[in-house]
Amino acid sequence: MLLQVQQLSKSFGSKPVLHQVDFQADRGEFIAVLGSSGAGKSTLLRCINGLVIPTSGKVDVLGMEMNRKNLQRVRRHVGFIFQNFNVIGNLSVLQNVLIGLLGAKGYWNVMFSREEKRKAEEVIDIVGLGDKLHERADRLSGGQKQRVGIARVLAQNPDIILADEPVSNLDPVTSREIMDILRTINETRGTVILCNLHQLELAAEYGHRIIGIHSGRVCFNGNAHDLRDEDLSLIYGGKYVGNTETRVNHTRGEVLV
Ligand SMILES: Nc1ncnc2c1ncn2[C@@H]1O[C@H](COP(=O)(O)OP(=O)(O)OP(=O)(O)O)[C@@H](O)[C@H]1O
Ligand SMILES: [Mg+2]
């Protein structure tokens, strides 16, 4: 099992945010995480890459526990993609991607080899920015910035990519382009993708599996095709009302609500 989240709980001070979250992911899975604002989705992803240390329970990546001692070793296998892209505006696309390799090299070695530059150029090509290698990141559109974010993570060749609302700031067409890139990575490299989303239709279309979180608890963990109105109502705390019964188109994988 590539990723195991076991009985994971997290409180900030006296405020409980995650309760006994349990799930696993195997190579090649694309999992969409749904839940209301404040449900704990970002906290969950942060626990998985060690940005947040759980109050109890644990996260194993490739059988290694993510804890303070193992942080650097385990984090090498886990990439993180952010809603706000997190690119460095005054650096070029290439420089932003090379920065992705720093974590693996250690900060004492900031010279990049020819091989590392070649690798960076290769992943920049994969995300479709081959003609923008030397463009400053602050001159790019949101969609292009997110492509840089993905390339930076790809350069690290992770086994798991955590994406925290990667398309929330993008228009619907660009959103699909970005989701398509994540799907291609998932399919060609077997990378586990765990993606927080607020768009149900994207979750159903791209996720093989849906994990629903309500108030820090997993309330749905199953095939995207099996997600019904009553599950969405649980996930969104009774505040989700579908116009008709949620109908799932099995061939296209769409949830029609
Ligand atoms: N560092 C922190 N210190 C204190 N409280 C925090 C911290 N990080 C998150 N929280 C709290 O934990 C709860 C869950 O937050 P989280 O960001 O994980 O939710 P979310 O599901 O990602 O929401 P959204 O959909 O709005 O991004 C919120 O009540 C938030 O205020
Ligand atoms: Mg969040």
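Quantities reported herein were computed from a predicted structural model and do not represent experimental measurements. Side chains included, hydrogens not; waters and symmetry mates left out as well; all remaining heavy atoms used. Order of appearance sets the numbers: ligands from 1, and atoms from 1 within every ligand.
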Within less than 2.8 Å of the Mg ion (ligand 2), any N, O or S from Ser42? yes
Nearest non-hydrogen protein atom, atom 26 (O) of ligand 1: Ser37 OG, 3.0 Å
Closest to atom 12 (O) of ligand 1 by heavy-atom distance, out of Val17, Asn196, Leu45, Leu51, is Val17
Nearest to atom 31 (O) of ligand 1, what protein heavy atom do you find, and at what distance? Lys15 CE, 4.3 Å
Is a donor on one side and an acceptor on the other found under 3.5 Å between the side chain of Gln156 and the backbone of Val78? yes
Is there a nitrogen or oxygen of Phe12 sitting under 3.5 Å from a nitrogen or oxygen of ligand 1? no
Could you check atom 23 (O) of ligand 1 against the protein and tell me its nearest heavy-atom contact, residue, atom and distance included? Gly38 N, 2.8 Å
Counting N and O atoms only, with roles assigned by atom type, does the side chain of Asp171 sit under 3.5 Å from a partner on the main chain of Thr174, one being a donor and the other an acceptor? yes
For residues Gln6 and Gln24, determine if any side-chain heavy atom of one lies less than 4.5 Å from a side-chain heavy atom of the other. no
Would you say the side-chain atoms of Glu116 pair up with the backbone N or O of Leu101, donor to acceptor, closer than 3.5 Å? no
Looking at ligand 1, is there an atom of it that comes within less than 4.0 Å of some heavy atom belonging to Ala39? yes
Which residue and atom name correspond to the protein heavy atom nearest atom 22 (O) of ligand 1, and how close is it? Ser42 OG, 2.8 Å
Where is the nearest protein heavy atom to atom 25 (O) of ligand 1: which residue, which atom, and how far? Lys41 NZ, 2.7 Å
Measure the CG-CZ distance between Leu194 and Phe23 for me, rounded to the nearest 0.5 Å. 5.0 Å
Could you walk me through whether Val52 and Lys10 pass the side chain to side chain contact (heavy atoms under 4.5 Å, CB included) check? CA-CA 9 Å; Val52 165; Lys10 175 67 190 174; 3.5 Å; yes
Using a strict cut-off of 4.0 Å, indicate which atoms of ligand 1 neighbour a heavy atom of His198. 25 (O)
Would you mind checking which non-hydrogen protein atom is closest to atom 15 (O) of ligand 1, with the distance to 0.1 Å? Thr43 OG1, 3.8 Å
Measure up the Phe30 and Tyr206 rings against each other and bin them: parallel (under 30°), tilted (30 to 60°), perpendicular (over 60°). tilted
Say whether, by atom type as modelled, one donor and one acceptor occur between the side chain of Lys41 and the main chain of Ser36 under 3.5 angstrom. yes
Say whether Gly13 and ligand 1 are in contact under the criterion: heavy-atom distance to a ligand atom below 4.0 Å. no
The closest protein heavy-atom partner of atom 27 (O) of ligand 1 is Glu165 OE2, 3.2 Å
